[in-house]
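Just below is one structure, and these are the notes that go with it.
Computed from heavy atoms alone, side chains included, the values below leave out hydrogens, waters and symmetry copies.
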Amino acid sequence: MFKLGTEYGGWVVPQNLELNKDSVVFGVGVGEDISFDILLNHIYKCNVFLIDPTSRSSKHFEEVKDYKRTYSPSFSGDIQPDYLFKIQDTRPDFTKFTYINKGLWNEDTTLKFYKQTNPKYVSQSLISNMFGDEYDTVEVTTISKIMSDYGISKIDLIKMDIEGSEIQVLNNMLDNGIYPKYVLVEFDLKLKNKDINSETEKIISRLQNSGYSIFCNDNYNITFIKQH
């Protein structure tokens with residue numbers, strides 16, 4: 001196993017990751033660190049769908065595209081100290097990136113998107129008790145709707161860091177019979193002590209009962225691999 005991306009935004013994956021130029025990757029929860037997604041595209045030439053309704057996240061994506069064209073590193077936001085080091089020698093093909101300015105949820109609707117009390121931090125949450133009381137209003141959609149809209153028959157890898165929405169999204173994914181080979185999840189509901197009904201352990205059990213094994217559990221940043 002090895003960690004791909006920055007210390008903060010990277011993920012532990014197998015050395016023999018089964019991806020290629022036709023593979024589809026969903027990066028859900030972009031923030032201001034797409035080192036993992038860039039490296040996947042650089043190494044495997046795969047198609048990457050970035051999904052996040054946060055305005056700072058879409059701005060960061062545009063800044064990274066400009067940086068890779070001009071090599072003039074000037075990023076706004078809360079940038080990790082090892083970010084440039086991780087992406088500076090990559091050659092991502094941005095024609096294979098698609099940015100979707102929506103949140104991921106278990107239905108198509110419009111929801112409140114709660115901000116953090118510290119404006120330095122980019123992450124927001126669809127869960128009301130995760131952060132502060134101030135919010136934006138955003139469109140949300142489902143994995144199956146995105147697949148239908150873009151003519152995607154199979155997702156090879158999905159990575160999600162979505163500040164508590166992971167339970168609804170994962171259950172909806174499994175309800176719809178969608179089984180990516182690799183599922184990478186930060187279980188924020190558990191990490192932020194908001195999981196009063198043990199929903200995290202329930203969805204982990206459901207994934208395991210659906211044929212997934214835990215490849216790496218780094219403090220509830222879990223890499224699952226579909227075995228059967």
Side-chain angles (χ1 to χ4, degrees), residues 7-12 26-33 36 51-57 78 100 102-146 155 157-180 182-227:
E7 184 61 30
Y8 170 81
W11 287 85
V12 175
F26 275 23
V28 190
V30 174
E32 291 169 331
D33 188 332
F36 179 74
I51 305 161
D52 194 317
T54 315
S55 57
R56 279 173 57 180
S57 297
D78 184 25
I100 299 172
K102 292 184 179 182
L104 209 56
W105 193 241
N106 58 10
E107 62 175 330
D108 266 39
T109 187
T110 302
L111 293 177
K112 294 177 180 178
F113 197 40
Y114 292 91
K115 301 178 181 181
Q116 300 205 44
T117 52
N118 186 339
K120 173 184 177 182
Y121 300 127
V122 64
S123 299
Q124 296 181 230
S125 178
L126 296 171
I127 308 300
S128 61
N129 66 343
M130 290 292 281
F131 298 137
D133 296 326
E134 294 187 13
Y135 61 87
D136 300 314
T137 301
V138 299
E139 291 183 63
V140 295
T141 189
T142 65
I143 294 173
S144 58
K145 182 65 164 58
I146 293 173
I155 302 170
L157 182 151
I158 186 167
K159 175 266 296 180
M160 61 180 75
D161 179 2
I162 49 178
E163 306 299 337
S165 303
E166 60 274 0
I167 307 301
Q168 288 86 348
V169 171
L170 286 168
N171 274 314
N172 181 257
M173 181 183 82
L174 297 176
D175 287 347
N176 283 283
I178 299 167
Y179 303 104
Y182 306 99
V183 175
L184 288 57
V185 187
E186 178 168 295
F187 286 99
D188 288 300
L189 208 64
K190 177 76 171 183
L191 290 170
K192 293 181 171 62
N193 298 314
K194 305 290 186 179
D195 192 0
I196 58 174
N197 296 317
S198 301
E199 297 298 330
T200 298
E201 300 304 332
K202 292 175 187 175
I203 191 60
I204 290 173
S205 293
R206 186 179 181 189
L207 283 162
Q208 291 175 312
N209 290 334
S210 299
Y212 286 93
S213 64
I214 294 177
F215 177 74
C216 177
N217 183 351
D218 180 13
N219 188 31
Y220 282 96
N221 287 261
I222 302 182
T223 300
F224 298 90
I225 301 178
K226 188 80 163 66
Q227 300 295 341

| field | Partners passing side-chain contact (heavy atoms from CB on, under 4.5 Å) against Asp78 (at least two apart in sequence or in another chain) | value |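 For Asp78 the side-chain contact (heavy atoms from CB on, under 4.5 Å) partners, ignoring immediate neighbours, are Glu32, Arg56, Lys120, Tyr121.
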| task | With sequence neighbours left out, write down each residue that passes side-chain contact (heavy atoms from CB on, under 4.5 Å) with Glu186, or none if nothing qualifies. | result |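 Only Trp11, Asp161, Asp188, Leu191, Asn221 meet the side-chain contact (heavy atoms from CB on, under 4.5 Å) criterion with Glu186.
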| request: Check whether the side chains of Gln227 and Ser213 place a donor and an acceptor atom closer than 3.5 Å, and report yes or no. | output: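 Checked: Gln227/Ser213 side chains pair up, N/O donor to acceptor below 3.5 Å.
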| field | Check: Thr141/Asp108 side-chain N/O donor and acceptor closer than 3.5 Å | value |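 Distance-only check passes for Thr141 and Asp108.
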| task | Please list, chain by chain and in numerical order, all residues satisfying ring-ring contact (aromatic ring centres under 6.0 Å, His included) with Tyr212, sequence neighbours excluded. | result |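 Tyr212 satisfies ring-ring contact (aromatic ring centres under 6.0 Å, His included) with no residue once adjacent residues are dropped.
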| Under the side chain to side chain donor-acceptor pair (under 3.5 Å) test, which residues partner Ser210, sequence neighbours left out? |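 Checked Ser210 against side chain to side chain donor-acceptor pair (under 3.5 Å); zero matches.
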| query | Taking only residues two or more places apart in sequence or in another chain, which ones pass salt bridge (charged side-chain N to carboxylate O under 4.0 Å, His left out) with Lys112? | reply |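 None.
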| task | Using salt bridge (charged side-chain N to carboxylate O under 4.0 Å, His left out) as the criterion, list what pairs up with Asp218, not counting sequence neighbours. | result |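 Expected list: none.
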| field | Atom of Trp105, atom of Thr109 and distance for their closest heavy-atom approach | value |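 Heavy atoms of Trp105 and Thr109 come nearest at CD1-CG2, 4.5 Å.
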| task | First locate atom CD1 of Ile214, then atom CD1 of Ile222, and finally report the distance between them rounded to the nearest 0.5 Å. | result |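 It comes to 4.5 Å.
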| query | Roughly how far apart are Glu166 CD and Asn171 CG, rounded to 0.5 Å? | reply |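 That separation rounds to 11.0 Å.
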| query | Does the Asn197 side chain pair with the main chain of Glu199, one donor and one acceptor, at a distance under 3.5 Å? | reply |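 Side chain of Asn197 to backbone of Glu199, a donor-acceptor pair under 3.5 Å: no, none is there.
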